[in-house]
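Note sheet for the following structure.
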Amino acid sequence: MEYEAVIGLEVHVQIKTESKIFSGSRSGYGYEPNTLVDPVVLGLPGSLPVMNKTALDGIIKAGLALNCTVPDYCKWDRKNYFYPDSPNNYQITQYDQPICDGGFVEIEMEGETRAVMGSHRKVALTRIHLENDVGKLNHFAEDSLVDYNRAFTPLMEIVSEPDMHSGAEAFAFLTAIRQTMIYCGISDCDMEKGQMRADANISVRPVGQKELGAKIELKNLNSITGVKNGIEYEIKRQTQELKKGRKMTQATWRWDADLGRTELMREKEDAHDYRYFPDPDLMPVRIDDEWRERIRCEIPELPFDKQRRFMQQYDIPYSITSVLVPDWELSEYFERAAKQMPKWAQAIGNYVTNDLLRELSDSNTALSECKISPDGLLSLVEVIEKGVITKQIAKDVFIEMFNTGESATEVIERKGLKPDFDEGQVKDWCQEVVDENPRPVEDFRSGNDKALNALLGQVMKKSRGKASPQIVQGLLKELLS
Amino acid sequence: MMSAELYYKSASELSGLLNRREISSVELTQSVIGRTKAVDDLVQAFNSFDEKNALAQAADSDARRNRGESLGLLDGIPVGIKDVLAVKDQPLTCSSKILADFVSPYDATCIQKIKRSGAVLWGRLNMDEFAMGSSTENSATKITGNPWKLDCIPGGSSGGSAAAVSAGESIVSLGSDTGGSIRQPASHCGVVGLKPTYGRVSRYGLAAFASSLDQVGPLGRTVWDTAVLLQSISGHDINDSTSYKVDVPNYVQAIKQLKGRKWTFGLPKEYFESASDTASMGPVKEAIEFYKSIGCEIKEVTLPHTAYAVATYYIVATAEASSNLARYDGIRYTHRAESFDAKDSVDIYRQSRAEGFGNEVKRRVLLGTYVLSSGYYDAYYLKAQKTRTLIRRDFEEAFKDVDALLTPTAPSPAIKRGAHSGDPLSMYLSDIYTISANLAGIPGLSVPCGYVDGLPVGLQILGKPFKEDEILAMGNEFESVHNFKNEHPPL
């Protein structure tokens, strides 16, 4: 019998805000433990939550970017459970009236090769709601300590429908969400910093069966690759169990990335009764068209849209866009240069995705601190395209520009890289080379195109590498025709 | 020369004396401290007090006044604080063992406001643990006596706040009222107590019992004193989303301006039907006759869903409480059990809460947990919310015909200590006249209106939302021709 997996994801994304979701306390990562706290964050007697409107803006933006409906009304509920990382032992969340309904995420599967665009599809969302994050437990040999810095960071929960079928799809889903959040400036989605976290619900059933199999919730998926590996492992495990004729029961498992396997955390019987009820401390939120439209205007062009446009508008290959687009800043950098000279877009794209990325990475520099401006890069491409310098020389010019911030012409002037001869001189050298090398000339004339390279090399040598190979090639062909 | 009796003067009179420099705040505060030391062994109203701190505040007030920078009517007047409000660097116990060692690092909004009014914060007043109860017997700290008869209860949960004002251990005080916790003890101790409209006073810094019902409010020996204290704590607060953005009238002026107005009062039929077994009805009826005699109109009104009020209240209040009290868990600032099973992380909660909470708190947390649990939510919590809406509409309907309602504050005067022990339901039923105001969110005032068997009895005036000025004026009308405010317990 054939089996298939059905997967739904619950993705938690922290919203990047100055202050916390229900308190004026500062939000952040990497601070001394328990320094980003106040009476609300610590759950002191008498403290009350107050809604941070910026966090609401963030989730509305996320919802609109992910094609959700944002209803006119949403409310807050308490989810009651005891855990030391929870200051009040209840979480403020949205139970039955979330801020975003429905929606979908466009995902791209891996293509056959890196140069080929993969297939696209839409993964349906159930909802997105907002809640407070909890603190962090740190375990030591003798005891455990709680750091409440993270507590009350605004946290979105993006819940998908059971609409995926493989670890690869889950991987693509998370990647798409991550890029969308970064593009919209909602979150940096750094999984190492806990800014994005995912749990998966996985069930396996015989192909053709309508009902879903028993739901296994998979936790502790700490990276996008972890999600993919964990899910793939779990699908295999469940399929094997079913093939052995065993029945699956609803339970929570955890992924152990080090051991590369999943292990049982708790059975369904231990499931919590969260005793949800409307939070009496907070007023419901009313959202009108004006608010929605204000946020809609802040949503930039989204990654897949930009990628399709780049390929069409600049006629550049998928392989370049797939490097440019995931990095919003890089794609903006590219476009600032490319839109001035669309016919050189591919050359610009190549420089950005190869030389520029390499130098940034080697020198550990952020793009925002890069000394070559998009205009500077354009000046370099211009002198190459116009045959002023060769690509070989351009490589050195680029590095000079990268180090000094000078324009291409400035570097060429300063280092004397500009050819100190005119086209007549090049013609003379060509004639000399043709005269001095009868064998290759003969070969070329009898149909061996490669023979031209030998002649070209001789001319380049005479020019000390400064002549433009394209021009030399043209002249040689003229002489030999 | 008058220093010995200062503690029994009203804030209005004291404010005049202070302004004319006939007394200083230090003298006044010393008088209140002296009185407290003399009688609190009997009354047991205070969980704690800090004499030096109070005298320092008083000295600051005097200095301000001498510089001509008096902050107003409350500047230099001692205000007792129920031990449920957060005061920076002071203990906040909620009369519970679980918070026995907690010191608040911040001020409640109403405390900040009182500080800005120059009042002298005076002591921490006893209460039923986490404000759960009507007798102050559910305190883990001590048992407060009724100053009029020490073996009787002072009422509750703000029993300490009412007893202290009644006994001259404070001039005015702050309490909190979730189902009658200001009005009922005020009635029992012969003082004035007001529960403001829900949203009138910020709850920020009030340790929550039932968030949708709790309000902070004033107690005093006169309506005027109560009005002045209400003035200083009222108003919208950005730290409390449920506080309301409406203007706060000048209550003292309103009392004057509204004097002599011919009000129309409603008598809720359902409250008076069982009048025969309501011991406190006699003085209340006389008070009603008084209003008639000054030309007010009295009408019968109906609040048809009254019978469901107590049940509704105990579902809503306990549900919210079960969640609100979850934070007292033995992990951070609360009492932690000495021994617990270190291998079982839940055991730290179990042991600490078992030791830290008293029986009434446990009973309510259990009840609240039950009514919210899956499968019961619709039958209890949801139904109670619907009933609550009906109860609120009863009042809206009644207020179409009348300005305010007159009722007894409590079914009987203060009962003997221990009379309800072992029978929590009979205690719950003693809130029958006060509970509906919390469910409906409307303001209520209790004014002393007479005695039954030597114990004071209060008249309750229930007003329209945000019409505290009106019920204060109505109460003042009665008070000004009676002498109850000058009658003190035999201590």
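Worth knowing before you read on, the calculation uses all heavy atoms, side chains too, and leaves out hydrogens, waters and symmetry mates. Every chain is numbered from 1 and lettered A, B, ... according to where its sequence line falls, protein lines coming before strand lines.
With rounding to the nearest 0.5 angstrom, the CE atom of M283(A) is 6.5 Å from the OG1 atom of T242(B). Interatomic distance, OG of S47(A) versus CG of D240(B), reported as 11.5 Å (0.5 Å rounding). Rounded to the nearest 0.5 Å, atoms OG (S373(B)) and OH (Y276(A)) are 15.0 Å apart.
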Evaluate the side chain to side chain contact (heavy atoms under 4.5 Å, CB included) criterion for residues R203(B) and D281(A): first the C-alpha distance (whole Å), next the side-chain angles of each, then the deciding distance (0.1 Å), finally the verdict.
CA-CA 9 Å; R203(B) 293 186 296 114; D281(A) 288 332; 3.0 Å; yes

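Chosen from G375(B), G205(B), S322(B), S212(B), the residue pairing most often with chain A at heavy-atom distances under 4.5 Å is G205(B). Between chain A and the options D329(B), I238(B), L99(B), T369(B), heavy-atom pairs under 4.5 Å are most frequent for T369(B). Of the listed residues (S144(A), P87(A), P278(A)), the one with the most heavy-atom contacts under 4.5 Å to chain B is P87(A).
With a 4.5 angstrom heavy-atom cutoff, A319(B) touches chain A only via backbone atoms. For N324(B), the parts lying near chain A are the backbone and the side chain together; criterion is any non-hydrogen pair under 4.5 Å. For Y376(B), no part sits under 4.5 Å from any heavy atom of chain A, backbone or side chain. Only the side chain of Y198(B) comes within less than 4.5 Å of a heavy atom in chain A; its backbone stays farther off. Contact annotation for N80(A): only side-chain heavy atoms (C-beta onward) come within less than 4.5 Å of a heavy atom of chain B. At a 4.5 Å heavy-atom cutoff, the contact between I331(B) and chain A is made by side-chain atoms alone. Looking at I348(B), neither its backbone nor its side chain comes within 4.5 Å of chain A, counting heavy atoms on both sides. With a 4.5 angstrom heavy-atom cutoff, S104(B) does not touch chain A via any of its atoms.
For E338(B), the CD atom counts as loosely surrounded, since its 6.0 Å shell holds 12 or fewer non-hydrogen atoms of other residues, nucleotides or ligands. The number of heavy atoms from other shown groups lying within 6.0 Å of CG (D341(B)) is above 12. Residue K362(B) qualifies as enclosed at atom NZ: its count of foreign heavy atoms under 6.0 Å is above 12. Shown here is E290(A), whose CD atom has no more than 12 heavy atoms of other residues, nucleotides or ligands within 6.0 Å. No more than 12 heavy atoms of other residues, nucleotides or ligands shown are found within 6.0 angstrom of NZ on K215(A). Shown here is K115(B), whose NZ atom has more than 12 heavy atoms of other residues, nucleotides or ligands within 6.0 Å. No more than 12 heavy atoms of other residues, nucleotides or ligands sit less than 6.0 Å from atom NZ of K386(B). By the 6.0 Å contact criterion, CZ on R26(A) is open, its count of non-hydrogen atoms from other residues, nucleotides or ligands being 12 or less.
The shortest side-chain heavy-atom distance between Y274(A) and S374(B) does not fall under the 4.5 Å cut-off. Between V50(A) and Y204(B) the shortest side-chain heavy-atom distance does not fall below 4.5 Å. Contact annotation: the side chain of F82(A) never approaches that of V346(B) to less than 4.5 Å [non-hydrogen atoms, C-beta and beyond]. At least one side-chain heavy atom of P105(B) sits under 4.5 Å from a side-chain heavy atom of L44(A). Residues Y349(B) and N89(A) meet the side-chain proximity criterion, which asks for heavy atoms closer than 4.5 Å.
Closest approach of G46(A) and Y106(B) over heavy atoms only: C-OH, 3.1 Å. The heavy-atom pair separating G43(A) from Y333(B) by the smallest distance is O-OH, 2.6 Å. Residue P49(A) comes nearest to S241(B) through the heavy atom pair O-OG, 3.5 Å, listed as atom of the first residue, atom of the second, then distance.
Across R275(A), K79(A), R78(A), a single residue satisfies side-chain hydrogen bond (donor to acceptor under 3.5 Å, both in side chains) together with S323(B), and that is R78(A).
Aromatic pair Y377(B)/F277(A): ring centres not closer than 6.0 Å.
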